[in-house]
Amino acid sequence: MHELSVCLALLEQVQSIAQERGATRVERILLRVGPLSGVEPLLLKSAFPLAAAGTLAESAVLDIEAIPVRVHCSECGAETTARPNRLVCGRCGGFRARVISGEEMLLASLALRVPDQHPSG
Amino acid sequence: MCDSCGCSITGGNPARVVPDGRTVHTEEARAEITLAADLLAKNDHQAMHNREHFERHGVLALNLMSSPGAGKTSLLEATIEALGDELRIAVIEGDLETENDAERIRAHGVPAVQISTGNACHLDAHMVHDALHEIDLDEIDLLFIENVGNLVCPASFDLGQHRNITLLSVPEGDDKPAKYPVMFRAADLVLLAKSDLLPYLTEFSPTRAEQYLRRLATLAPFLEITTRDPEGIDPWIGWLRDQVRDMRAESGQEKTSQASREAPFSGAEGGQGHHLHHRDRRDRTHAYGGE
């Protein structure tokens, strides 16, 4: 499945941000993933240890926040939640609906361990 | 594992091992960084680069996706037969293990580059970029990228194409758009393939298939085709001609003109905001004239 590719791309980004900040390790990674991104959070989680092995994020916790699918209807103006396979307006049933959330596949935040500039001894 | 910070030795312990073996305890701070980075940013960047490359050479790039066995290669063979005298075509083939598909295409006198993906379930923009080194874009008008047969993974990866085409073949059943919404809403055109089988597989309702597609709030055309009848792919050929004509109209140049290479498609550097561009995840609207 492509979740391993996505995970490897994630780790590449995380590793480079952690190195830029001089971090010794990454403690937590927060992702925001919507169902219309085509990525399964559970599969991402199971691919993560494999992708993270040997990186600064090896012992990091991977948290994934699921983003709901929401559509905005340009006919009736309603903003409604939708299902991935039913993206029409939840109020009027119109087809002029635009997905406003649910496509995300984002790295939202990182918690890093950064050594103090002045070691206490 | 890292030798400088001692993380391999101490696990979560913030101790630092220095080269002479002395252990120095340091204070460490926890830093929270808020980001909003697309996980596939690197792929998307490469895809944008591919697209600019196509446009510089006046090439229309089309990404063909479907389940295995839906008829992508047969459709390409029939397309080459129908348009080979009119447009110069090349094909990038994404196949798991064999060169079979590429050989079928080459038998029609068209250049085909095989990307052997091994066990990979999709093509990405970097694979396509590598394959482009083997194609002279100045010598072609139309590039087909035949993706790996899979209705899930290919939908998430922009390759730099201008249009996505998804095939749904009659034996697969009419509810595929409901089962694979990410794939079908990514399509700019959905082809109902093997329509010659409709009289035999009466449980397949083209109307129902299109209803499932419309529930994804997409206006992508839905065209029936069959490669078993000489006129069976006419709607598809018509659609292709329209795309090529639109591209040329927008560039304002014929392919052979040097100016079209230097100032492609209304001269937009980086090509942003151009309607021929693949709508990326953030820009997709699937609205009916909503933009």
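Proteins come first, then strands; the chains are lettered A, B, ... in the order of their sequence lines, and each starts at number 1.
Interatomic distance, CG of Leu40(B) versus NE2 of His2(A), reported as 8.0 Å (0.5 Å rounding). To the nearest 0.5 Å, atoms CD (Glu32(B)) and CZ (Arg28(A)) are separated by 6.5 Å. Arg96(A) CZ to Leu219(B) CG: the interatomic distance, rounded to the nearest 0.5 Å, is 8.0 Å.
Proximity to chain B is limited to the side chain of Glu12(A), based on heavy atoms less than 4.5 angstrom apart. Heavy-atom distances place no part of Ile100(A) under 4.5 Å from chain B, backbone and side chain included. Contact annotation for Arg32(A): neither backbone nor side-chain heavy atoms come within less than 4.5 Å of a heavy atom of chain B. Only the side chain of Ile17(A) comes within less than 4.5 Å of a heavy atom in chain B; its backbone stays farther off.
Among all heavy-atom pairs drawn from Leu39(B) and Leu10(A), the shortest one is CD2-CD1, 3.7 Å. Taking both residues in full, the closest heavy atoms of Ala97(A) and Ala217(B) are given as O-CB, 3.8 Å, listed atom of the first, atom of the second, then distance.
Arg86(A) has its side chain out of reach of Leu216(B): every pair of non-hydrogen atoms, C-beta onward, lies at least 4.5 Å apart. Annotation: side chain of Arg83(A) is not in contact with side chain of Arg215(B) (no heavy-atom distance under 4.5 Å).
Of the possible polar contacts, one joining the Ser156(B) side chain to the Ser37(A) backbone as a donor-acceptor pair under 3.5 Å is found.
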Which is it for His122(B) and Ser5(A) under the side-chain contact (heavy atoms from CB on, under 4.5 Å) test, yes or no, and what are the steps along the way?
CA-CA 10 Å; His122(B) 61 275; Ser5(A) 310; 3.2 Å; yes
For Lys179(B) and Asn85(A), what are the C-alpha separation, side-chain angles and deciding distance, and is it a side-chain contact (heavy atoms from CB on, under 4.5 Å)?
CA-CA 7 Å; Lys179(B) 287 179 172 170; Asn85(A) 63 7; over 6 Å; no
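The neighbour count for His45(B) NE2, taken as heavy atoms of other residues, nucleotides or ligands under 6.0 Å away, does not exceed 12.
Not counting sequence neighbours, the partners of Gln15(A) by the side chain to side chain contact (heavy atoms under 4.5 Å, CB included) test are Gln19(A), Thr55(A), Leu56(A).
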Distance-only donor-acceptor hits, side chain of residues 107-114 of chain A, under 3.5 Å, sequence neighbours excluded:
from: Arg113(A); atom 1: NE; to: Glu27(A); atom 2: OE2; distance (Å): 2.7
from: Arg113(A); atom 1: NH1; to: Glu28(B); atom 2: O; distance (Å): 3.3

